[in-house]
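One-based numbering, in listed order, for ligands and for the atoms of each. Atoms considered below: every heavy atom in the structure, side chains included; atoms not considered: hydrogens, waters and symmetry mates. Keep in mind it's a predicted model, so treat the numbers as computed, not measured.
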Amino acid sequence: MSEREKNWQVIGNLPVEGRLWLAPLAGITIPAVRRFFREMGASLTHTEMVSSSGLLMKNRKTIDMLKNSEKEDPLVLQLFAGDAKSLLQSAEIAMSKGVFSAFSVNMACPVPKVRKRGAGAQLLYKRDLAAEMVRELKKSGLPVWPKIRKHPSGGGPETFSFCEALFEAGADLVCLHGRTPQELYGGVADKDVVKASAGLFPGKIAASGDVFERQDAEEYLEAGAVAVLVARGALRDPFIFSEAVAPAAPLERALFLVRLGDQIEQENGPRASTSLIKRFVSGMFKGMRGNAAYRKEVALSSDWTEMRKRLCACIHYFLERGYGDA
Ligand SMILES: Cc1cc2nc3c(=O)[nH]c(=O)nc-3n(C[C@H](O)[C@H](O)[C@H](O)COP(=O)(O)O)c2cc1C
């Protein structure tokens, strides 16, 4: 057994090296971003949510969302569907096109477009169907990890019994976000309901909701969560996954973004790199004097070539302001 493997533990029926994971983020967790966060210290990543019906209809864009590389292993593919049969069929298509370690089933997305299809958070209202979907997907042979929210009723007991139904159906892990669908992403997540679920189902709950500092993750783990999903926190501070201190030099930080942007450009085109890198600038330079103004300046770029230049010129920008802590 290698030194690395000694640190592995089996979580949700999958050997994983650590407990801090990158959450699924629609429009964001594309391959280059997932590889970036593996390098930053995330021990597992999720794809964006992928439409089962898109896969069944052989939609080119949806099929392209399955692309991945071995550098991403372990990678969890998240599917969304409104019925058990298409969920399993789409999972089989996915397995024929790429290598995935587990399936996440989206039972959390509050967006009307998804809910109208009976998928995402709509499944929180249909416990039997949600359980049937888990039972069916288990036939794929891969671990099945439903991702849910706090129950729409707002109650702990309803959330616990929903989890119980999923486990009885064979779910290997439940990823639980402590907001109801009605709460969208606002207010504060109910960490207590997540912690209580983790206590009730030891080794079976991965926590999600308001993980912005390492301390937030520690809090969930101490309460018994077996892993923690970092979502918006990864954008606000990409160094959150690593014990290592962020590099002090602005240019070093800018080069992380230039490399990431170049890879996004290669794989997804220049528009994707400008729009995504914009979302990372503030987090990458977090805590440095001049950050807000710099972010605005980078955002003015009309294309990736210009944004790249502005990023590389950051050294002048921050030096002028005598860079250091804000
Ligand atoms: C931009 C964005 C996209 C998201 N996309 C997905 C998704 O595709 N699938 C999913 O299960 N959750 C998705 N989520 C929810 C996150 O995975 C996470 O559960 C939620 O943001 C709570 O964590 P946080 O408060 O730490 O951000 C998304 C959240 C955001 C902000």
Side-chain angles (χ1 to χ4, degrees), residues 12 19-31 33-34 37 42 44-52 54-55 61-62 65-66 75-81 87 100 102-115 117 119-124 130 133 144-151 159 166 171 173-195 197 205-221 225 227-238 240-241 272 275-276 278-280 282-283:
R19 298 179 187 275
L20 223 52
W21 301 347
L22 180 66
L25 293 167
I28 298 173
T29 52
I30 58 175
V33 172
R34 300 191 302 250
F37 279 111
L44 174 148
T45 63
H46 287 80
T47 66
E48 322 172 60
M49 58 176 176
V50 174
S51 157
S52 287
L55 291 179
K61 272 195 182 156
T62 315
M65 291 171 88
L66 300 174
L75 171 65
V76 178
L77 171 64
Q78 185 178 78
L79 293 171
F80 70 96
L87 182 63
F100 304 99
F103 286 116
S104 166
V105 187
N106 189 318
M107 302 187 180
C109 180
V111 171
K113 210 170 86 183
V114 172
R115 290 184 63 171
R117 299 196 208 171
Q122 201 57 29
L123 289 163
L124 294 173
M133 288 171 76
V144 173
W145 299 1
K147 181 162 182 285
I148 69 170
R149 280 177 174 247
K150 180 181 172 186
H151 194 270
T159 306
L166 297 176
L173 182 79
V174 169
C175 300
L176 172 60
H177 173 194
R179 285 186 179 85
T180 63
Q182 307 89 285
E183 287 170 322
L184 303 175
Y185 297 96
V188 284
D190 180 354
K191 292 187 173 175
D192 290 340
V193 83
V194 179
K195 291 182 196 168
S197 307
I205 300 286
S208 173
D210 290 353
V211 180
F212 297 115
E213 311 275 344
R214 282 186 78 87
Q215 185 52 39
D216 298 319
E218 295 300 331
E219 209 185 294
Y220 279 131
L221 293 172
V228 176
L229 271 58
V230 186
R232 289 171 296 177
L235 302 177
R236 289 195 202 175
D237 178 9
I240 189 171
F241 292 102
S275 69
L276 270 171
K278 252 183 225 170
R279 304 187 72 154
F280 281 95
S282 169

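Around atom 30 (C) of ligand 1, the closest heavy atom drawn from L22, L25, V111, I148 belongs to L25. With Q78, E48, M49 as candidates, the residue nearest to atom 10 (C) of ligand 1 on a non-hydrogen basis is Q78.
In R279, the CZ atom is not crowded: 12 or fewer heavy atoms of neighbouring residues, nucleotides or ligands sit closer than 6.0 Å. Other residues, nucleotides and ligands place no more than 12 heavy atoms under 6.0 Å from the CD atom of E213.
The protein non-hydrogen atom at the shortest distance from atom 24 (P) of ligand 1 is D210 N, 3.4 Å. Closest to atom 20 (C) of ligand 1 among all protein heavy atoms lies H177 CE1, 3.7 Å. The single protein non-hydrogen atom nearest to atom 28 (C) of ligand 1 is Y185 OH, 3.4 Å, given as residue, atom name and distance. Ranking protein heavy atoms by distance to atom 13 (C) of ligand 1, first place goes to P24 O, 3.1 Å. Of all protein heavy atoms, the one lying nearest to atom 18 (C) of ligand 1 is S208 OG, 3.4 Å.
Every atom of ligand 1 with a heavy atom of A23 under 4.0 Å away is listed here by number and element: 17 (O). Shown in contact with N106 at under 4.0 Å from a heavy atom are these atoms of ligand 1, numbered in order with element: 9 (N), 10 (C), 11 (O).
The two atoms that bring A207 and A225 nearest to each other are CB-CB, 3.9 Å, heavy atoms only.
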Verdict with supporting geometry, H46 and L229, side-chain contact (heavy atoms from CB on, under 4.5 Å): CA-CA 9 Å; H46 287 80; L229 271 58; 4.2 Å; yes
Verify side-chain contact (heavy atoms from CB on, under 4.5 Å) between Y220 and I205, making sure each step is shown before the conclusion. CA-CA 10 Å; Y220 279 131; I205 300 286; over 6 Å; no
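Note: W145 and W21 have parallel aromatic rings, judged against thresholds of 30 and 60 degrees for the angle between ring planes.
A distance of 11.0 Å separates CG of L123 from SG of C109, quoted to the nearest 0.5 Å. Here N106 contributes atom CG and R149 contributes atom CZ; the two are 9.0 Å apart, rounded to the nearest 0.5 Å.
The parts of R232 lying near ligand 1 are both backbone and side chain, judged by heavy-atom distances below 4.0 Å. With a 4.0 Å cut-off on non-hydrogen atoms, A26 touches ligand 1 through its backbone as well as its side chain. When non-hydrogen atoms are compared, ligand 1 lies under 4.0 Å from neither the backbone nor the side chain of H46.
Remark: R117 is not positioned above the aromatic ring of F80, lacking an NZ or CZ atom under 6.0 angstrom from the ring centre and at most 45 degrees off the axis.
Among the atoms of K147, some N or O lies under 3.5 angstrom from an N or O of ligand 1. For ligand 1, the polar-atom distance check against V211 finds a nitrogen or oxygen pair separated by under 3.5 Å. By the 3.5 Å distance cut-off applied to N or O atoms, L229 is not counted among the residues near ligand 1.
For the side-chain hydrogen bond (donor to acceptor under 3.5 Å, both in side chains) criterion with D210, the lone passing option out of K191, H177, R179 is R179.
At least one heavy atom of G209 sits under 4.0 Å from some atom of ligand 1.
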